[in-house]
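Here's the structure, in structure tokens; my notes come after.
Below, read A as the first sequence line, B as the second, and so on, with proteins coming before strands; counting in each chain starts at 1.
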Amino acid sequence: MIFLVDCNNFYVSCERLFRPELSNLPVVVLSNNDGCIISRSNEAKKLGIKMGEPLFKAKKIIQENKINVFSSNFELYGEISNRIMKELNHFSSSMEIYSIDEAFLDIDFQDYNLICENIVNQINNIIGIPISVGVGYTKTLSKIAGSIAKKLSRGYFVLDNTVITKNILSKTSVQDIWGLGNRYSNTMINNGIKTADNLVETNRNWILNKFNINVLRTREELRGISCYPISSVSEPRKSIRVSRSFKKDINSYENLEKYISDFAFLASKKLRNENKRTKELSVFIVTNRFRNTSFSNYMGFQKYSFIVSTNSYIEIIRYSILMLRKIFKGGLSYKKAGVMLSNLSLENQYQTSYLSSNQDNKLDDLMEKIDYLNDKYGKNKVLISSQNLYHKSKIDKKRLSPNYLNSWSDMPNINI
DNA sequence: TCTGGGGTCCTAGGACCC
DNA sequence: TCTGGGGTCCTAGGACCC
């Protein structure tokens with residue numbers, strides 16, 4: 001059986017871990033720039049706060065109900081996530097970490113309810129984060145079981161009986177099926193397919209004609225035929241992206257160049273942390289899509305292919321700037337920009353070229369020194385000169401909680 | 001005034017080959 | 001006037017997920 005373990009209101013629960021006095025009060029966590037609400041406690045949900053809602057639209061509800069608001073502290077959430085995953089691994093070696101707050105586990109032991117109870121208690125006792133567990137024959141069914149589990153106070157639900165499954169599928173709307181987003185479920189509803197049970201009964205050729213193979217797989221999964229097996233070896237990622245929205249629009253090329261350099265540096269750092277090289281680099285800049293203007297929005301995008309894969313900060317930044325020059329248009333206000341690296345390979349597995357110079361070794365040494373200094377003395381101690389040297393950040397995080405787990409100075413004090 | 005960030009996969013259609 | 005058949009590979013765009 002497949003067990004889906006899902007943390008309840010994960011980011012909010014992480015903040016509450018160190019602020020237990022908030023445990024029954026409404027809490028929300030914001031996206032970067034303190035822009036949107038991306039995690040809500042049950043109390044906040046009940047007050048009508050919607051997922052992804054911009055902060056300014058919810059301001060009234062927040063003030064009237066004294067909702068506690070946090071900026072996102074991804075270092076903290078990542079650390080707590082690691083601890084949870086480590087505990088879960090004790091229940092099954094066949095486990096797939098699906099996201100920061102979710103994992104699928106393959107478990108053979110027959111007493112599913114007992115296992116669920118143990119998992120919920122264990123994570124609560126050892127880590128202190130509330131979770132819910134859904135169990136089914138396939139990932140898609142375990143997702144449905146999980147959404148039922150969230151409504152039960154015991155926190156778990158097992159879907160192993162065909163009659164009950166049929167009944168539940170007939171009450172599950174297509175929008176609530178994992179793998180069917182807005183577009184697909186709307187098309188289905190327009191064609192009379194309203195519930196998961198309707199989808200199960202739908203002709204396979206019609207599905208392939210109207211949609212694609214993944215939608216057919218979803219139908220098979222609903223019938224209990226597994227199409228998405230658990231992969232316990234995590235696949236190396238295929239692309240790396242660093243992008244940010246700016247609190248205030250940027251007009252000048254010089255400013256934008258500094259940010260692009262920063263993003264390229266950060267992306268290169270991620271690349272180097274995974275011991276990889278990149279062969280392809282893309283840069284994009286976009287104007288503010290929410291601005292109420294008569295002229296249409298501009299999105300500049302340019303890709304560059306390296307002759308030889310690289311992991312050099314200097315090379316990646318240099319070509320990012322060259323791409324930026326190609327797409328920058330004066331007189332516009334830019335809201336967001338980013339750098340992407342793709343076509344990745346392992347550090348020592350790449351195609352060389354007759355055209356490449358012999359300086360590579362020297363450059364590699366230099367890059368390693370940069371990493372060494374930044375790892376030893378803290379982030380941003382050594383930068384490339386085109387970067388945003390003085391860190392006048394245009395990205396807001398006004399309500400950030402302390403970094404309780406990853407910073408000596410932020411460690412909580414306990415009075416005994 | 002203020003609206004996030006980071007991923008994956010599939011497919012149609014174009015470009016190319018003999 | 002008349003102009004084949006059968007492939008592969010790449011990419012942009014669109015869908016999805018958290």
Whole-Å distance separating the CD1 atom of Ile97(A) from the C1' atom of dC17(C): 16 Å

Closest nucleotide among dC16(C), dC18(C), dT8(B) to the Asp101(A) side chain: dC18(C)

Residues Lys269(A), Asp375(A): salt bridge by 4.0 Å N-O rule: yes

Integer angstrom distance from the P of dT3(B) to that of dC18(C): 25 Å

Interatomic distance where NZ belongs to Lys60(A) and C1' belongs to dC2(B) [whole Å]: 18 Å

Among dC17(C), dT11(B), dG5(B), the nucleotide that comes nearest once only the side chain of Tyr98(A) is considered: dC17(C)

Nucleotide nearest Glu102(A) when distance is taken to its side chain, options dA15(C), dT3(B), dC18(C): dC18(C)

Residue Phe56(A), side-chain atoms from C-beta onward, closest of dT11(B), dC2(B), dC18(C): dC2(B)

Touch class at under 4.0 angstrom, heavy-atom based, for Asp34(A) against every strand present: nothing

Name of the residue among Phe246(A), Tyr334(A), Tyr253(A) meeting ring-ring contact (aromatic ring centres under 6.0 Å, His included) with Tyr259(A): Phe246(A)

Nearest listed nucleotide, side chain of Asn212(A), among dC16(C), dT11(B), dG5(B): dT11(B)

Ionic contact status for Glu75(A) with Lys397(A), cut-off 4.0 Å: no

Sugar-phosphate only, base, or nothing, as touched by Phe74(A) at under 4.0 Å among non-hydrogen atoms: nothing

Ile62(A) side chain near Ile49(A) side chain, heavy-atom distance below 4.5 Å: yes

Touch class at under 4.0 angstrom, heavy-atom based, for Lys397(A) against every strand present: nothing

Nearest-angstrom distance from the residue atom NZ of Lys248(A) to P of dT3(B): 12 Å

Contact under 4.0 Å: Asn32(A) side-chain N or O vs dG5(B) OP1/OP2: yes

Residue Arg289(A), side-chain atoms from C-beta onward, closest of dG4(B), dG6(B), dC18(C): dG4(B)

Ser31(A) vs dT3(B): side-chain N/O to OP1/OP2 distance below 4.0 Å: no

Nucleotide of dT3(B), dC18(C), dA12(C) approaching Lys57(A) most closely (side-chain heavy atoms): dT3(B)

Integer-rounded Å distance: dC18(C) P and Glu96(A) CD: 13 Å

N or O in side chain of Lys336(A) less than 4.0 angstrom from dG5(B) OP1/OP2: yes

Lys303(A) side chain near dA12(C) phosphate (N/O to OP1/OP2, under 4.0 Å): yes

Short N-O contact, Arg272(A) and Glu368(A), less than 4.0 angstrom: no

Sugar-phosphate only, base, or nothing, as touched by Lys398(A) at under 4.0 Å among non-hydrogen atoms: nothing

Separation of atom CG in Asn288(A) from atom P in dC2(B), rounded to whole Å: 7 Å

Among dG4(B), dT3(B), dC9(B), the one nearest Ile38(A) by side-chain distance: dG4(B)

Touch class at under 4.0 angstrom, heavy-atom based, for Ser72(A) against every strand present: nothing

Selected nucleotide, minimal atom distance to Ser243(A) side chain, candidates dT3(B), dG6(B), dT8(B): dG6(B)

Separation of dC18(C) P from Arg241(A) CZ (nearest whole Å): 18 Å

Comparing Ile240(A) and Phe211(A) on DNA chain B - which has the more 5′ nearest nucleotide: Ile240(A)

Main-chain N/O of Asp106(A) paired to Ser92(A) side chain as donor or acceptor, under 3.5 Å: yes

Sugar-phosphate, base or nothing in reach of Ile100(A), heavy atoms under 4.0 Å: nothing

Residues Lys143(A), Asp6(A): salt bridge by 4.0 Å N-O rule: no

Phosphate-side-chain proximity, Ser239(A) and dT8(B), N/O vs OP1/OP2 below 4.0 Å: yes

Arg217(A) side-chain N/O to dC9(B) phosphate OP1/OP2 under 4.0 Å: no

Gap between atoms CZ and P, on Phe301(A) and dG14(C) respectively (whole Å): 14 Å

Earlier contact from the 5' end, DNA chain B, for Ile213(A) and Lys335(A): Lys335(A)

Ser245(A) side-chain proximity, nearest of dT3(B), dC9(B), dG5(B): dG5(B)

Interatomic distance, Arg40(A) atom CZ to Met51(A) atom CE [nearest 0.5 angstrom]: 6.5 Å

Sugar-phosphate only, base, or nothing, as touched by Leu30(A) at under 4.0 Å among non-hydrogen atoms: nothing

Between dC9(B) (C1') and Lys139(A) (NZ): distance, integer Å: 13 Å

